[in-house]
Amino acid sequence: MINFELDEEQKLIRETVIGFARDEIRPYAREADEKGAVPASLLQRGWELGLVQGIIPEEYGGSGSEHSALTGAVIAEELAYGDLAIAMHLLAPRLLTVPLVEFASSALKRSLLPAFCGDVFEAGTAAVMEPRFDFDSSAPATVLRRDGDEYVVSGAKCYVPLGSQAKHIVVLAGLANGDGTVHPQAVVVARDTPGLRVGGREKSMGLKALETTSLELDACRVPRDHVLAAGDERAMRRLADLWHVGLGAMAVGVARAAYDYAREYAKERRAFGQAIAQKQAIAFMLAEMAMEVDAMRLLVWEAAWKLDRHEDATREAYLSKRYASDMVLRIADNALQVLGGHGYIRDHLVELFLRNARGFATLEGLAIA
Amino acid sequence: MIDFELSPEIAAMRDQLHMLAEHAMRPIAREYDEREHEKPWDFINMMWQLSKSSGIGPGAAKDGKDKAPERDRNLRTVVAVEELSWGDAGLYLSIPGPGLGGAAVMAVGTPDQKQRFLSRFKDDKPVWSAMAITEPGAGSDSAAIQTTAVRDGDHWVLNGTKIFCTSGLMAGDATKSNGFVVVWATIDRSAGRAGIKSFIVDAGTPGMTVAKCEDKLGIRASDTATLIFEDCRVPLDNILGSPEVPKTSEGFKGVMATFDATRPIVAASAIGVGRAALDFVRDELKKQGVEIRYGVGPRKLTAIERDFMDMETQLQAARLLTWRAAWMMDQGQKNNLEASMAKAKAGLVVTQVTQKAVEMLGPLGYSRELLLEKWMRDAKINDIFEGTQQINMMIIARRILGYSSKELS
């Protein structure tokens with residue numbers, strides 16, 4: 001039955017994350033962007049929120065809450081509202097733990113998950129994107145092939161968050177179908193696997209506080225049970241859907257940050273004897289932002305809700321991420337426009353929002369719901 | 001707890017209405033588009049019987065005794081209206097029932113007024129009601145209306161001209177139905193918006209004339225009337241709400257609150273038309289062997305796929321905004337902002353979606369052999385009536401900025 005309200009637990013989590021994003025993340029957003037790093041103390045306080053440990057089953061040391069894509073989307077939006085790069089850093093471990101919780105054998109869970117239930121931040125990541133303009137996560141060019149009791153992975157990856165820090169990486173690769181096509185398969189690769197080489201830190205127009213690296217895999221051998229949900233195409237679609245919802249939710253957060261910033265500025269800034277928000281040209285831009293932020297969020301939540309019901313949500317997840325990617329760029333651009341020349345100056349955060357917003361249409365697999 | 005699934009009751013009603021839309025509306029959609037000003041009486045009579053017997057659809061009696069549970073009335077209505085408008089928006093608007101006039105009586109009428117005016121929707125013959133707000137010199141600026149109501153003994157005397165009154169003919173002409181028109185008029189022009197009141201005028205009241213019905217771009221099965229009031233006398237207790245002129249414009253806000261209920265309904269109608277176009281395009285593409293590939297790398301999508309995905313996502317965004325606005329009203333929450341968001345988004349989206357659909361299908365789209373071009377014409381009204389897109393953007397802006405209408409106009 002239709003209901004547009006979060007449940008009590010989700011509201012509580014949201015309140016906590018809102019406070020953290022406001023008090024802890026946002027004040028560091030500019031500095032982190034300029035310095036290209038997230039302060040260690042901030043990471044530690046973020047870790048203590050339990051957003052990573054929460055969904056790890058108790059038997060592996062976590063708090064044992066059931067994994068919910070919707071709750072994940074709420075968390076992702078609120079953290080990204082504070083700052084996208086910091087949010088991605090804080091949640092990067094989930095890129096590994098969520099696929100493990102959902103798809104790994106209990107042996108693999110037992111060997112990897114306890115590391116994420118300790119007192120200090122533990123990096124984890126996923127290597128999804130590839131350095132090619134027509135990258136397609138439904139048919140990755142990184143090759144996975146079976147060799148006896150093991151699998152072998154070869155290929156090149158890029159935009160791997162915390163690539164030099166994470167001890168384990170979920171790598172997206174293509175397994176041949178035998179007819180020239182491939183299907184996507186997620187495989188857990190340890191960083192110290194022979195043949196794996198972490199490249200230098202990438203330089204991007206946005207996300208500057210987040211370390212991302214390239215990755216080369218040259219015939220990396222992995223044990224059989226490191227291939228997650230082998231042969232289960234539905235599971236792999238679900239993983240892609242969770243990535244889409246994660247990024248879509250973060251796009252909502254960035255869009256809302258830009259909208260709020262522009263709205264408050266427009267109420268303060270005066271021209272021709274009144275606040276510029278009193279001019280229709282400005283007011284209508286702000287109204288559109290408000291409307292679209294809500295539209296984006298509803299689409300993302302619908303996809304997340306479907307995932308939580310374990311229904312096929314590929315269409316909803318894909319379309320909502322697509323919509324959110326387009327809209328966040330439009331909103332951030334309009335927000336900058338509301339500030340005019342001031343928006344172009346790094347004294348204000350809108351130029352940072354715009355640089356971060358630009359990435360969504362390109363990026364895949366940098367967040368997970 | 002977040003849930004996007006309709007209740008089984010609403011889903012069943014939707015499926016029932018879908019059958020009706022497909023089998024009773026689609027086959028006559030073109031005919032009553034071409035034969036403007038003629039009424040689809042068979043359809044009208046059927047809908048009248050149906051609304052009385054089953055309680056489904058927006059024509060369901062709103063006298064508080066109908067079978068539909070109250071708690072999800074607004075959601076039920078938007079779902080029903082989308083389905084009927086998928087069948088045909090013009091025919092949907094021609095369906096007899098309480099409509100906008102009835103909604104106003106339901107919202108602010110006294111028990112006596114509800115009894116006098118709403119019980120007739122149980123009659124054997126179809127009954128319409130209408131809302132007369134717009135004037136030749138006052139559209140979106142409804143506070144500027146010139147029609148006057150002057151008290152004279154036991155009566156209010158109305159003078160003025162109303163235009164663009166949906167179903168004004170069917171509601172106002174006693175030879176068409178035993179209906180009524182809710183008319184906005186000022187009882188004190190110097191009081192501005194505070195002086196504006198609404199009056200219930202029975203069909204056939206002397207002094208009220210249906211002067212003409214407009215020739216329109218679309219929704220041609222529905223009449224859009226000009227009503228002229230010349231010393232039209234209505235009983236004193238036909239005023240909706242208090243006859244006092246308040247010191248503030250609170251009273252006017254009360255009148256405007258009707259829009260919070262009706263805007264999601266218009267949005268839903270828009271979405272129905274948009275979905276009709278989208279469904280048609282999807283079927284045509286399928287026939288041509290074009291598959292929409294969800295999940296494929298974005299740089300691999302064809303232009304057709306991108307267009308189609310844009311259309312369906314926009315439409316779904318509008319639908320979710322609309323459901324939310326209706327759901328909030330059902331929960332007793334204020335939804336002024338959300339109702340305007342739904343209306344602004346839906347009106348814009350379906351205008352774009354239907355125009356794109358015509359373009360995508362090329363000669364098929366432009367041809368009157370098919371219904372696409374009609375849907376494009378029908379869709380546009382949703383961007384205009386019950387508050388234009390721009391008026392709704394203005395309302396959104398005022399709400400998010402905390403501005404009064406004086407601070408932002």
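Order of the sequence lines fixes the chain letters, A, B, ..., with proteins taken first and strands second; residue numbering starts at 1 for each chain.
Neither the backbone nor the side chain of A:A240 comes within less than 4.5 Å of any heavy atom in chain B. Neither the backbone nor the side chain of B:Q389 comes within less than 4.5 Å of any heavy atom of chain A. With a 4.5 Å cut-off on non-hydrogen atoms, A:L6 touches chain B through its backbone and its side chain both. With a 4.5 Å cut-off on non-hydrogen atoms, A:W301 touches chain B through its backbone and its side chain both. For B:S409, the part lying under 4.5 angstrom from a heavy atom of chain A is the backbone only. With a 4.5 angstrom heavy-atom cutoff, A:F133 touches chain B via backbone and side-chain atoms both. Neither the backbone nor the side chain of B:M328 comes within less than 4.5 Å of any heavy atom of chain A. If you measure heavy-atom distances from B:L301 to chain A, the contacts under 4.5 Å come from the side chain alone.
Across B:L401 and A:L286, no two heavy atoms sit closer than the pair CD2-CD1, 4.1 Å. The two residues A:Y318 and B:M309 have their closest heavy-atom pair at CE2-CE, 3.5 Å. Here the closest heavy-atom approach between residue A:M291 and residue B:A344 is recorded as SD-CB, 4.1 Å.
Checking side-chain atoms of A:R315 against main-chain N and O of B:Y294 turns up no donor-acceptor pair under 3.5 Å. Although no hydrogens or angles enter the test, the distance criterion places no donor-acceptor pair under 3.5 Å between the side chain of B:W323 and the main chain of A:I2. Side chain of A:E302 to main chain of B:F4: no donor-acceptor pair is present (N/O by atom type, distance under 3.5 Å, no hydrogens or angles). Side chain of B:D3 to main chain of A:M1: a donor-acceptor pair is present (N/O by atom type, distance under 3.5 Å, no hydrogens or angles). Under a 3.5 Å cut-off, the side chain of A:Q278 and the backbone N or O of B:E407 do form a donor-acceptor pair. Counting only distance, with no hydrogens or angles, the side chain of A:D136 and the backbone of B:G297 share a donor-acceptor pair below 3.5 Å.
Within 6.0 Å of the NZ atom in A:K11, the count of heavy atoms belonging to other residues, nucleotides or ligands exceeds 12. For B:R306, the CZ atom is loosely surrounded, since the number of other residues' heavy atoms within 6.0 Å does not exceed 12. A:Q337 CD: 12 or fewer foreign heavy atoms inside a 6.0 Å radius.
Distance check: A:Y323 OH to B:E312 CD gives 13.0 Å after rounding to the nearest 0.5 Å. Here the straight-line distance linking atom CE of A:M327 with atom CD of B:Q314 works out to 5.0 Å at 0.5 Å rounding.
We find that B:R324 and A:D294 are joined by a salt bridge, their nearest charged nitrogen and carboxylate oxygen being less than 4.0 Å apart. The residues A:D134 and B:K300 are annotated as not salt-bridged, no charged nitrogen and carboxylate oxygen being separated by less than 4.0 angstrom.
For the set B:G402, B:A397, B:A11, the entry with the most heavy-atom pairs within less than 4.5 Å of chain A is B:A397. Comparing B:R293, B:Q390, B:R399 by how many heavy-atom pairs each has under 4.5 Å with chain A, the most go to B:Q390. Between chain B and the residues A:R309, A:E9, A:M289, the largest count of heavy-atom pairs under 4.5 Å involves A:R309. The residue among A:E316, A:E292, A:M296 with the most heavy atom pairs within less than 4.5 Å of chain B is A:E292. Among the candidates A:S325, A:S320, A:A295, A:A317, the residue making the largest number of heavy-atom pairs closer than 4.5 Å to chain B is A:A295.
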(request) Test B:M393 against A:Q280 for side-chain contact (heavy atoms from CB on, under 4.5 Å), laying out the working first. (result) CA-CA 9 Å; B:M393 292 308 273; A:Q280 285 192 2; over 6 Å; no
(message) Using the rule given for side-chain contact (heavy atoms from CB on, under 4.5 Å), can you reason through B:Q316 versus A:L319, listing the C-alpha separation, both sets of side-chain angles and the distance that settles it, and then say yes or no?
(response) CA-CA 10 Å; B:Q316 182 64 5; A:L319 292 181; over 6 Å; no
(request) Please lay out, stage by stage, how A:R322 and B:D310 fare under the test salt bridge (charged side-chain N to carboxylate O under 4.0 Å, His left out). (result) CA-CA 9 Å; A:R322 207 171 159 267; B:D310 286 346; 2.8 Å; yes
(request) Evaluate the criterion side-chain contact (heavy atoms from CB on, under 4.5 Å) for residue pair A:F4 and B:Q331; output intermediate values, then yes/no. (result) CA-CA 10 Å; A:F4 286 91; B:Q331 304 302 306; over 6 Å; no
(request) Report the C-alpha distance between B:I2 and A:D7 in whole Å, list the side-chain angles of each, state the deciding distance to 0.1 Å, and finish with yes or no for side-chain contact (heavy atoms from CB on, under 4.5 Å). (result) CA-CA 7 Å; B:I2 296 289; A:D7 66 28; over 6 Å; no
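Among the residues in residues 359-369 of chain A, those with a non-hydrogen atom closer than 4.5 angstrom to a non-hydrogen atom of chain B are A:A361, A:T362, A:E364. Of all residues spanning residues 255-277 of chain A, those with a heavy atom less than 4.5 Å away from chain B's heavy atoms are A:Y259, A:R263, A:K267, A:A275, A:A277, arranged by number.
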